[in-house]
Amino acid sequence: MIVLGIETSCDETAAAIVTDTREIRSNVVLSQLEEHAVYGGVVPEIAARSHLEHIDKVIQAALDDAGVGFDDLDGVAATCGPGLIGGVMIGMMSAKAIASVQNIPFIGVNHLEGHILTARLAEDIAFPYLVLLVSGGHTQILVAESLGKYKRWGTTLDDAAGECFDKSAKLMGLPYPGGPNVEKIAKECKDPQSAIERFPLPSPMKGRKNCDFSFSGLKTAVRLHCEALPEGDLKRSDIADLSHAFQTKMAEILADRSEHAIKRFLDAYGTKTENPTLVVCGGVAANKLIGQKLANLCSQYDMRVSTPPLPLSGDNGAMIAWAGVEHLKAGTSHPMDLKARPRWPLDPDAEPRHGTGVKA
Ligand code: KG4
Ligand code: ZN
């Protein structure tokens, strides 16, 4: 089975060819980074126009790299939400057009599900598994029970982890996207322990008996530290120290919330899986320090940890193509009038969280 996957929900125009034997035949990602950099974040209208301009050639490149043509496809999948609606529509409509011309199934994929299922593309992982989803728009703990069945155990009450990286980076004068730039400059920190002591940061939700997150207080603390430093451009060494302290705290928060989830998972699902696994996915999963902290935590509980290889951690077409493969194998495809959804919770039964800016 050969499936084309299209991803356009944020600032990457991406397409990939993936097979049901877990082979990634191509994975083309065109980043719009430069177009948004001057604004310090993604501008939805610019993103949508750029997707429109580039989508055809990105799809063609994915086919060419894989050495296949439209006639070889068994299905076409596209992100249909959640995300920036202008971009989502462009990827979705392109997929529908290809599917109707080729007379093959169209699969509308939830972007978050794409991240969650990537673990099964990269490694041989069986349901059920525990998921820490940490991206630019979402931070959630879920249990992937089976294909299409996800129980959301916790979510952020305000910012997402990636968003907190991006906003904190901006406060420190680092370019967008914040995550990779914070990680890069933190490597220049000369004395990690004293950096942590020099820049104390809060641990929101620490020890709470649930799986929820909150990051806005962390971001505010970064702002206060920046304001307390001498006026003018921050010194590079100060930014390196603060970035290290920030990243360390972020790892600690994610580990604290994950530890609670791991205990709950082992209680509820320990006997239902031979190899209990924590899947860490979404763009923030690329962070080495966070990955290490979570790996240490998992080893204490005899849990396997699975983080996607770098090209599959940020947004990409392969994760969408693979979600398409999984659904097609299960006999699911979608009608041509499927709607794009800016918000699309994976677990419709999850209790709503109250607060400003709550993410689904
Ligand atoms: O999953 P993703 O590519 O897009 C969304 O679906 O949101 O995640 C993007 C987020 C951004 O906030 C970016 O700053 C963060 O992932 N990110 C990182 C790293 N690489 C990307 N955060 C921390 N460390 C990284 N190395
Ligand atoms: Zn994503």
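Just so you know, ligand 1 is whichever comes first in the structure, and atom 1 is the first atom listed for that ligand.
Considering backbone and side-chain N/O of S313, none are found under 3.5 Å from N/O of ligand 1. Considering backbone and side-chain atoms alike, G162 places an N or O below 3.5 Å from some N or O of ligand 1. Between F165 and ligand 1, a contact under 3.5 Å exists for no N or O pair.
Here the side chain of H51 pairs a donor or acceptor atom with the backbone of C10 at under 3.5 angstrom. For the pair T79 (side chain) and G81 (backbone), a donor-acceptor distance under 3.5 Å is absent. Remark: the backbone N or O of S9 is paired with a side-chain donor or acceptor of E7 at under 3.5 angstrom.
The pair E53-R49 fails the salt-bridge criterion, with no side-chain N (NZ, NE, NH1 or NH2) lying under 4.0 Å from an Asp/Glu carboxylate O. Between E326 and K329 there is no salt bridge, since no side-chain nitrogen of the basic residue lies less than 4.0 Å from a carboxylate oxygen of the acidic one. At a threshold of 4.0 Å, the pair K293-E252 does not count as salt-bridged, since none of the basic side-chain nitrogens sits closer than that to a carboxylate oxygen.
The nearest non-hydrogen atom to atom 26 (N) of ligand 1, considering only E163, E183, K167, comes from E183.
The nearest N, O or S atom of C10 is not closer to the Zn ion (ligand 2) than 2.8 Å. Counting backbone and side-chain atoms alike, H115 contributes an N/O/S atom closer than 2.8 Å to the Zn ion (ligand 2).
Close contacts of ligand 1 with G314, meaning ligand atoms under 4.0 Å from a residue heavy atom, involve 3 (O). Near G136, meaning under 4.0 Å from any of its heavy atoms, are these atoms of ligand 1: 5 (C), 7 (O), 8 (O), 9 (C), 10 (C), 12 (O). Close contacts of ligand 1 with G179, meaning ligand atoms under 4.0 Å from a residue heavy atom, involve 14 (O), 18 (C), 19 (C), 22 (N), 23 (C), 24 (N), 25 (C).
Of the protein's non-hydrogen atoms, G283 N, 3.0 Å is the one closest to atom 1 (O) of ligand 1. Of all protein heavy atoms, the one lying nearest to atom 24 (N) of ligand 1 is N287 ND2, 3.1 Å. Given atom 3 (O) of ligand 1, the protein heavy atom at minimum distance is D315 N, 3.1 Å.
A cation-pi contact links R264 to W153, judged by a cut-off of 6.0 Å to the six-membered ring centre and 45° from its axis. For K249 and F246, the positive end is not near the middle of the six-membered ring at less than 6.0 Å and at most 45° from its axis. The cationic group of R208 does not satisfy the cation-pi geometry with F213, failing either the under 6.0 Å distance to the six-membered ring centre or the 45° limit from the ring axis.
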Handout entry: L117/M319 under side chain to side chain contact (heavy atoms under 4.5 Å, CB included): CA gap, chis, key distance, verdict
Key = CA-CA 7 Å; L117 294 176; M319 70 188 212; over 6 Å; no
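Contact annotation: H138 has no heavy atom less than 4.0 Å from any atom of ligand 1. Heavy atoms of H115 approach ligand 1 to within less than 4.0 angstrom. Assignment of G137 to the shell around ligand 1 is supported, since a heavy atom sits closer than 4.0 Å.
In this pair, H334 and H327 present their aromatic rings tilted. The plane angle is within the 30 to 60° band.
Residue D315 approaches the Zn ion (ligand 2) most closely through its N/O/S atom OD1.
Contacts between E12 and ligand 1 below 4.0 angstrom, taking non-hydrogen atoms only, are absent altogether. If you look at D166 next to ligand 1, the close heavy atoms, those under 4.0 Å, all belong to the side chain. Counting heavy atoms under 4.0 Å from ligand 1, residue H111 touches it through the side chain alone.
For the atom pair OG of S243 and CG of L174, the computed distance is 5.5 Å after rounding to the nearest 0.5 Å.
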